[in-house]
Asker: 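Please find one structure pasted underneath; my questions will follow.
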Amino acid sequence: MSFTEREVWTLVHGMVLGAVFLLAFAGGLADLYGLRAALLTGTGVHERMRRLKIGTSAMALAAWGTVVTGTWVVYPWYRDPGPDSARSRLLADPDTAEWHTFGMEWKEHIAWLSPILATTVAFIVLFYGDLLIRHQRVRRTAMLLFVLAFLFAAVAGALGALITKAAPVD
């Protein structure tokens with residue numbers, strides 16, 4: 001089994017960085033949610049904070065890696081002006097033209113909010129540290145931003161998978 005250069009970059013963009021993003025989100029959200037319980041029981045606070053700092057930072061880095069590789073590596077192949085490009089194939093068929101007009105617009109613009117929000121959460125966690133245990137409003141705000149970052153990325157990932165299925169980048 002062999003992959004073309006474009007297939008490798010598409011895998012790195014979607015599957016590798018996306019998997020790191022998903023794992024970091026799951027662990028980070030669980031640790032953010034469990035901070036208060038860790039304080040009440042008095043066990044595992046420092047270990048949980050260490051994991052939380054690593055997880056939120058990894059999520060932010062994975063989100064930036066995903067949008068950067070998508071925007072400057074994969075996307076130019078999609079937008080190739082030739083008649084055989086993925087964009088041209090999508091727009092040529094009235095049944096798939098909406099995949100470009102809505103799906104790629106989301107991926108081009110809205111998906112950039114994901115790394116911005118993930119970076120904001122990583123900053124909050126690194127800045128507040130153990131104080132997040134006592135500051136419930138800040139912790140809840142961080143969880144909300146974390147979930148929003150994930151949702152924006154999830155929609156972008158689903159649209160990317162569907163667009164790639166309809167018109168793969170060759």
Side-chain angles (χ1 to χ4, degrees), residues 3 5-78 102-165 169:
F3 294 104
E5 178 187 2
R6 290 182 179 194
E7 289 170 333
V8 169
W9 275 108
T10 303
L11 283 171
V12 167
H13 165 71
M15 297 298 291
V16 174
L17 293 170
V20 170
F21 182 85
L22 181 61
L23 289 170
F25 168 76
L29 188 63
D31 280 337
L32 268 173
Y33 184 78
L35 274 181
R36 187 80 174 149
L39 175 68
L40 294 174
T41 61
T43 58
V45 174
H46 296 294
E47 177 60 26
R48 189 176 296 257
M49 281 308 302
R50 187 181 71 75
R51 282 193 324 252
L52 184 59
K53 289 175 181 179
I54 292 169
T56 55
S57 299
M59 183 175 169
L61 289 172
W64 282 111
T66 303
V67 296
V68 166
T69 58
T71 300
W72 284 290
V73 178
V74 177
Y75 187 63
W77 295 326
Y78 169 83
F102 174 74
M104 286 310 290
E105 287 300 318
W106 181 284
K107 291 177 67 58
E108 292 169 16
H109 300 92
I110 307 298
W112 274 89
L113 290 175
S114 184
I116 293 168
L117 293 173
T119 302
T120 303
V121 173
F123 175 79
I124 289 170
V125 168
L126 292 170
F127 183 80
Y128 279 91
D130 292 346
L131 294 175
L132 278 174
I133 296 168
R134 284 185 239 119
H135 294 289
Q136 185 173 344
R137 180 174 284 165
V138 176
R139 190 174 67 255
R140 285 185 177 167
T141 300
M143 287 191 303
L144 174 66
L145 294 174
F146 215 47
V147 170
L148 286 173
F150 174 76
L151 290 176
F152 287 135
V155 172
L159 289 171
L162 293 170
I163 289 169
T164 300
K165 176 107 172 113
V169 176

Asker: Under the side-chain contact (heavy atoms from CB on, under 4.5 Å) rule, what do Trp9 and Glu5 come out as? Steps first, then yes or no, please.
Answerer: CA-CA 6 Å; Trp9 275 108; Glu5 178 187 2; 3.8 Å; yes
Asker: Given Phe146, which partner from the list Thr141, Thr120, Leu151, Val121 fulfils the side-chain contact (heavy atoms from CB on, under 4.5 Å) test?
Answerer: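 Going through the options one by one, the only one that passes is Val121.
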Asker: Write down the atom of Phe21, the atom of Ala149, and the distance for their closest heavy-atom approach.
Answerer: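 That closest heavy-atom pairing would be CZ-O, 3.8 Å.
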Asker: What's the shortest heavy-atom distance between Leu35 and Arg48, and which atoms?
Answerer: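 That closest heavy-atom pairing would be CD2-CD, 3.8 Å.
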Asker: Identify the heavy atoms of Thr71 and Pro76 that sit nearest to each other, and give their distance.
Answerer: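 In this case the closest contact between Thr71 and Pro76 is O-CD, 3.4 Å.
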Asker: Could you state the interatomic distance from CE (Met15) to CG (Leu22), rounded to the nearest 0.5 Å?
Answerer: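 Nearest 0.5 Å value for the CE-CG distance: 10.5 Å.
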Asker: Quick one: does Ile163's side chain get under 4.5 Å of Tyr78's, heavy atoms only?
Answerer: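 Yes; the side chains approach each other to less than 4.5 Å.
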Asker: Evaluate the criterion side-chain contact (heavy atoms from CB on, under 4.5 Å) for residue pair Tyr75 and Lys107; output intermediate values, then yes/no.
Answerer: CA-CA 10 Å; Tyr75 187 63; Lys107 291 177 67 58; over 6 Å; no
Asker: Starting from the C-alpha separation in whole Å, work towards a yes-or-no answer on side-chain contact (heavy atoms from CB on, under 4.5 Å) for Val74 and Thr69.
Answerer: CA-CA 6 Å; Val74 177; Thr69 58; 5.5 Å; no
Asker: Can you name the closest pair of heavy atoms from Ala24 and Gly55 and give their distance?
Answerer: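 Closest approach of Ala24 to Gly55: CB-O, 3.4 Å.
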Asker: Is the shortest side-chain heavy-atom distance between Phe25 and Val147 below 4.5 Å?
Answerer: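 Touching, per the 4.5 Å side-chain cut-off.
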Asker: Around atom OH of Tyr128, are there more than 12 heavy atoms of other residues, nucleotides or ligands at under 6.0 Å?
Answerer: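 Open: at most 12 neighbouring heavy atoms sit under 6.0 Å from OH of Tyr128.
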Asker: Is the count of non-hydrogen atoms from other residues, nucleotides or ligands lying under 6.0 Å from Trp106 atom CH2 greater than 12?
Answerer: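 Count over threshold, so yes.
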Asker: Write down the atom of Val20, the atom of Ala62, and the distance for their closest heavy-atom approach.
Answerer: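 Smallest heavy-atom distance, with atoms named: CG1-CB, 3.7 Å.
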Asker: How many angstroms lie between atom CG of Leu132 and atom CG of Asp31, to the nearest 0.5 angstrom?
Answerer: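 Spacing of CG (Leu132) from CG (Asp31) equals 11.5 Å.
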Asker: Roughly how far apart are Leu148 CG and Met143 CE, rounded to 0.5 Å?
Answerer: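 Answer for the CG-CE pair, Leu148 versus Met143, is 12.5 Å.
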Asker: Quick one: are the ring centres of Trp112 and Trp64 less than 6.0 Å apart?
Answerer: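 Ring-ring flag for Trp112/Trp64: true, centres closer than 6.0 Å.
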Asker: Say you draw a straight line from CE of Met104 to NE2 of His109; how long is it, rounded to the nearest 0.5 Å?
Answerer: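 Here the rounded value is 10.5 Å.
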Asker: Hey, could you give me the CZ/OG1 distance between Phe3 and Thr10, rounded to the nearest 0.5 Å?
Answerer: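 Rounded to the nearest 0.5 Å, the CZ-OG1 separation comes out at 11.0 Å.
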Asker: With the side chain counted from C-beta on, respond yes when Val73 and Val12 share a heavy-atom pair under 4.5 Å apart, and no when they do not.
Answerer: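 No, every pair of side-chain atoms sits at 4.5 Å or beyond.
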Asker: Rounded to the nearest 0.5 Å, how far does CE of Met59 lie from OG1 of Thr66?
Answerer: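 It comes to 10.0 Å.
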Asker: As a quick check of understanding, evaluate side-chain contact (heavy atoms from CB on, under 4.5 Å) for Ser114 and Val67, giving each step before the final call.
Answerer: CA-CA 9 Å; Ser114 184; Val67 296; 5.7 Å; no
Asker: Within the side chain of Arg139, is there an N or O that forms a donor-acceptor pair under 3.5 Å with the backbone of Ile133?
Answerer: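 Checked: pair present.
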